[in-house]
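Side chains included, hydrogens not; waters and symmetry mates left out as well; all remaining heavy atoms used. We're numbering straight along the sequence, starting at 1.
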Amino acid sequence: MLKRLKFFVFSDKTLDYHEIKRFKRKVLFSSASIALGIFGGVFLINFIVGDPLGVTQNAGLATENKLLKEQLNTLAERMELLHVSLDRLAQQNNDLRLAVALPKIDDDTRKASSGGSLNSPEFSILARDADALLTNSNDLLSELERQVQLQKQSYEQITRKFEANKILFKHLPAIKPSEGPYSLNGFGMRVHPVLGVWRMHEGLDIINEIGTPVYASGDGTVHFAGVTQSGYGRVVELNHGYGYSTLYAHLSTVLIREGQRIRRGELVGRVGRSGLVSGPHLHYEVRLNGRKMNPVDYLFDDVDAARYRTQLAKTE
């Protein structure tokens, strides 16, 4: 049986040895106190000299990392909301593209512009959850940037097309050039009123008295103004550009000259009965790339020449 070790100390007063009671407990307590004192001293010195051991810094970094993760999660949620908003903008963008006669941007094109995942090797040194969070956020941000760039380019296209359309619409032959009744079936095969034979009638006859004003149906340049050798008599022909031209025949008076620039609603002549006709009227033709079109398809009775000129005068 092991005997308990005893520790003694010599006393100068009694000149004898005395047993030290609870020696182990006192040694442990003393050791703990010394260790605590050393740790406290090291911590104090470390704090005074600027924390070279990183004791307080590590504690601060842990708190900071927690806050950063929370902020990243919040940021990711906000970017998801932005992604939804961009989807709505993309639909509105396509509606605008259709309005100006541009093709829609389909989903495949949009996805192609977004690209795939962008794995960032600089995040691989982080903890797994932080790595995934930062990588997903970075990918989503990159996709949003590409989507914004695509929408920006599309809106620039829409703006350019809209401006081009404004010029095009001014040049289209889009108003009735003179007052008076006309037949909806005036374009096509018919019996010539003078010759009495079947012939193709390539325009529209607007009936009115001699001297009734005739107006340009769209912006353009005078290609011809004068008397022809055909049955059209006195004629004005306007080149509107974009493949369009118009012809105004059987006039009594021509009021413009070749090469002159003309605006829609501007007076170009007056109704007459020159040429091979049975009575006074305006023979009106619309041509697209040289092909005779039915002028009825280009008339808007609620925007005739007189009313258009009144509206135009208010904007000038």
Side-chain angles (χ1 to χ4, degrees), residues 168-195 199-258 260-310 312:
L168 166 64
F169 295 156
K170 288 182 179 180
H171 288 75
L172 287 178
I175 63 172
K176 185 181 175 184
S178 184
E179 295 183 4
Y182 61 89
S183 172
L184 291 175
N185 300 316
F187 181 84
M189 294 298 297
R190 70 169 188 177
V191 177
H192 193 280
V194 176
L195 301 177
R199 292 184 64 176
M200 177 66 184
H201 188 243
E202 298 175 325
L204 187 70
D205 291 342
I206 301 174
I207 302 171
N208 214 319
E209 297 177 350
I210 294 176
T212 302
V214 176
Y215 304 100
S217 57
D219 290 9
T221 304
V222 181
H223 178 68
F224 178 81
V227 180
T228 66
Q229 299 301 317
S230 66
Y232 282 157
R234 291 185 180 87
V235 168
V236 165
E237 184 177 356
L238 302 181
N239 181 5
H240 301 282
Y242 305 95
Y244 285 98
S245 64
T246 53
L247 181 138
Y248 312 77
H250 305 312
L251 302 176
S252 61
T253 307
V254 172
L255 300 175
I256 54 177
R257 64 185 183 277
E258 291 183 15
Q260 183 178 343
R261 295 186 64 82
I262 300 296
R263 296 179 63 189
R264 176 186 288 149
E266 188 171 344
L267 187 65
V268 297
R270 296 187 182 277
V271 172
R273 57 177 301 173
S274 61
L276 192 61
V277 294
S278 59
H281 69 275
L282 169 67
H283 175 83
Y284 174 60
E285 294 183 5
V286 175
R287 302 168 185 171
L288 177 58
N289 296 321
R291 180 184 177 188
K292 306 288 181 68
M293 311 298 292
N294 189 346
V296 171
D297 297 335
Y298 294 85
L299 297 185
F300 299 90
D301 282 342
D302 57 338
V303 190
D304 60 16
R307 185 174 302 178
Y308 181 81
R309 283 172 60 83
T310 301
L312 189 64

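- A pairwise comparison of heavy atoms in Ala174 and Arg264 identifies CB-NH2, 3.8 Å as the closest pair.
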**Q.** Worked check of side-chain contact (heavy atoms from CB on, under 4.5 Å) between His283 and Leu247
**A.** CA-CA 8 Å; His283 175 83; Leu247 181 138; 4.1 Å; yes
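- Between Leu204 and Leu282 there is no side-chain heavy-atom pair separated by less than 4.5 Å.
- Here Phe224 pairs with nothing under the ring-ring contact (aromatic ring centres under 6.0 Å, His included) rule; sequence neighbours left out.
- When every heavy atom of Ala216 is checked against every heavy atom of Ile262, the shortest pair comes out as CB-CG2, 3.4 Å.
- Annotation: the span from Met293 atom CE to Ser245 atom OG amounts to 11.0 Å, rounded to 0.5 Å.
- The heavy-atom pair separating Thr221 from Arg261 by the smallest distance is OG1-NH1, 3.9 Å.
- Distance check: Arg234 CZ to His250 NE2 gives 12.5 Å after rounding to the nearest 0.5 Å.
- For an aromatic pair to be called close, the ring centres must be under 6.0 Å apart, and His171 with Tyr244 fails this.
- To the nearest 0.5 Å, the span separating CD1 on Ile210 from CZ on Arg270 amounts to 12.5 Å.
- Across Val222 and Arg257, no two heavy atoms sit closer than the pair CB-O, 3.2 Å.
- Using a 3.5 Å distance cut-off with no hydrogens or angles, the side chains of Glu237 and Tyr232 do not pair a donor with an acceptor.
- Side-chain atoms of Ser274 do not come within 3.5 Å of backbone N or O of Ser252 as any donor-acceptor pair.
- Atoms OH and NZ, on Tyr242 and Lys170 in that order, are 10.5 Å from each other to the nearest 0.5 Å.
- Within 6.0 Å of CD in Glu209 there are 12 or fewer heavy atoms belonging to other residues, nucleotides or ligands.
- Rounded to the nearest 0.5 angstrom, Glu258 CD and Asn239 CG are separated by 12.5 Å.
- Atom NE2 of His281 sits about 10.5 Å away from atom CZ of Arg273, to the nearest 0.5 Å.
- Between Tyr284 and Tyr248, the angle of the ring planes lies from 30° to 60°, which puts this pair in the tilted group.
- Within the 4.5 Å cutoff, no side-chain heavy atoms of Leu276 are placed close to those of Ser230.
- Side-chain contact between Leu238 and Ile256 is present, with heavy atoms from C-beta onward closer than 4.5 Å.
- Nearest heavy atoms, Ile175 versus Gly265: CD1-N, 4.2 Å.
- Ser178 and Pro213 make their closest contact through OG-O, 3.0 Å (heavy atoms, listed as atom of the first residue, atom of the second, distance).
- Looking at heavy atoms from C-beta onward, Ile206 lies in side-chain contact with Pro177 at the 4.5 angstrom threshold.
- Side chain to side chain, Thr246 and Tyr298 fail the donor-acceptor criterion of an N or O pair below 3.5 Å.
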